[in-house]
*Asks:* 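Got a structure for you, questions after.
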Amino acid sequence: IDVASCPVVFAGDLNSMGQTGVREILVAGEVGPDFRESGDPTEAGQQGKELTAKVKKQSVGFFADAAEVCFGEGAAPPTILASNIDSKMRHDNGELTQNFIETIKRAFRQYCVEGQEVMQREGVERWLLAINKEIGRGSEYRAAMAAIEKLGGGDVLTEEGFIGVYADEVAEGK
């Protein structure tokens with residue numbers, strides 16, 4: 001079978017924005033050591049890092065980015081197919097709603113040791129496993145680690161830091 005002559009549609013939520021290694025290998029057919037990701041605000045600190053030490057290729061053929069073809073580079077609208085629930089989480093001015101803040105606080109307390117007002121490292125890890133299925137991935141992980149580091153790098157996450165994680169998520173449209 002001549003793979004290059006077979007039409008292929010590759011669809012999925014790749015959880016990425018900007019120029020990524022996944023997009024590069026699909027559209028350009030390969031990604032090499034010189035390629036650097038850029039453009040994804042949820043990947044703070046990742047820009048400029050080497051993705052691979054050697055060239056990686058795919059042999060299916062060159063893919064077109066359908067959103068880019070339809071809307072132009074960087075102009076694709078959000079792809080969420082659910083009703084807009086932003087108004088339940090934040091006001092028009094961007095401030096979080098009181099109901100959303102209370103919901104975040106309840107979630108925070110769920111992972112705190114009873115009687116403590118901070119989330120210990122064990123609680124942070126239980127929370128991250130619950131939402132991301134592994135520790136070390138996701139924008140919540142990176143934001144939580146930044147909030148912990150902001151306090152001097154100890155092993156606790158404050159309620160304020162936890163709320164900040166979700167404030168950032170909502171601000172980014174997640």
*Asks:* Could you walk me through whether Tyr166 and Leu96 pass side-chain contact (heavy atoms from CB on, under 4.5 Å), step by step?
*Replies:* CA-CA 9 Å; Tyr166 284 102; Leu96 299 180; 6.0 Å; no

*Asks:* Do Ser139 and Arg142 have side-chain atoms, one donor and one acceptor, less than 3.5 Å apart?
*Replies:* no

*Asks:* side-chain hydrogen bond (donor to acceptor under 3.5 Å, both in side chains) with Gln110: which residues, sequence neighbours excluded?
*Replies:* none

*Asks:* Can you measure from CZ (Arg137) to CD (Glu140) and round to the nearest 0.5 angstrom?
*Replies:* 8.5 Å

*Asks:* Can you name the nearest heavy-atom pair linking Phe35 to Gly21, along with the distance?
*Replies:* CE2-N, 3.6 Å

*Asks:* What pair of heavy atoms forms the shortest contact from Ala147 to Gly161, and how long is it?
*Replies:* CB-CA, 4.1 Å

*Asks:* Around atom CD of Gln58, are there more than 12 heavy atoms of other residues, nucleotides or ligands at under 6.0 Å?
*Replies:* yes

*Asks:* What pairs with Lys57 under salt bridge (charged side-chain N to carboxylate O under 4.0 Å, His left out), at least two apart in sequence or on another chain?
*Replies:* Glu30

*Asks:* Any idea which heavy atoms bring Thr97 and Ser87 closest together, and the distance?
*Replies:* CG2-O, 3.6 Å

*Asks:* In Å, rounded to the nearest 0.5 Å, how long is the span from CD of Gln98 to NE2 of His91?
*Replies:* 8.0 Å

*Asks:* What residues form a salt bridge (charged side-chain N to carboxylate O under 4.0 Å, His left out) with Glu68, not counting sequence neighbours?
*Replies:* Arg23

*Asks:* Same cluster or not: are Phe100 and Ile131 linked, directly or through other Ile, Leu, Val, Met, Phe, Trp or Tyr residues, by side-chain heavy atoms under 4.5 angstrom apart?
*Replies:* yes

*Asks:* Residues in salt bridge (charged side-chain N to carboxylate O under 4.0 Å, His left out) with Arg126, at least two apart?
*Replies:* none

*Asks:* Look up atom CD in Glu125 and atom CG in Leu157, then write down how far apart they are to the nearest 0.5 Å.
*Replies:* 12.0 Å

*Asks:* Same hydrophobic cluster for Leu129 and Tyr111, using side-chain heavy-atom links shorter than 4.5 Å among ILVMFWY?
*Replies:* yes

*Asks:* Out of curiosity, does Met119 fall in the hydrophobic cluster containing Val113 (side-chain heavy atoms, cut-off under 4.5 Å, transitive links)?
*Replies:* no

*Asks:* Surrounding CD of Glu102 (heavy atoms of other residues, nucleotides or ligands, distance under 6.0 Å), is the total greater than 12?
*Replies:* yes

*Asks:* Please report the shortest heavy-atom distance between Ala144 and Val165, naming the atom on each side.
*Replies:* N-CG2, 3.9 Å

*Asks:* By ring pair (Phe, Tyr, Trp, His ring centres under 6.0 Å), which residues pair with Phe108, not counting sequence neighbours?
*Replies:* Phe162

*Asks:* Can you check whether Glu159 reaches Lys105 side chain to side chain, under 4.5 Å on heavy atoms?
*Replies:* yes

*Asks:* Which pair of non-hydrogen atoms, one from Lys56 and one from Ile25, has the smallest distance, and what is that distance?
*Replies:* O-CD1, 3.7 Å

*Asks:* Check for me, please, whether Leu26 and Val8 land in the same ILVMFWY cluster - side-chain distances under 4.5 Å, paths through other members count.
*Replies:* yes

*Asks:* Is it the case that more than 12 heavy atoms not belonging to Gln116 sit under 6.0 Å from its CD atom?
*Replies:* yes

*Asks:* Under 4.5 Å between any side-chain heavy atoms of Asp155 and Ile148, yes or no?
*Replies:* no

*Asks:* Among all residues two or more places apart in sequence or in another chain, which pass the side-chain hydrogen bond (donor to acceptor under 3.5 Å, both in side chains) test with Thr52?
*Replies:* none

*Asks:* Under the side-chain contact (heavy atoms from CB on, under 4.5 Å) criterion, do Glu73 and Asp65 qualify, and how do the steps go?
*Replies:* CA-CA 9 Å; Glu73 187 174 339; Asp65 183 328; over 6 Å; no

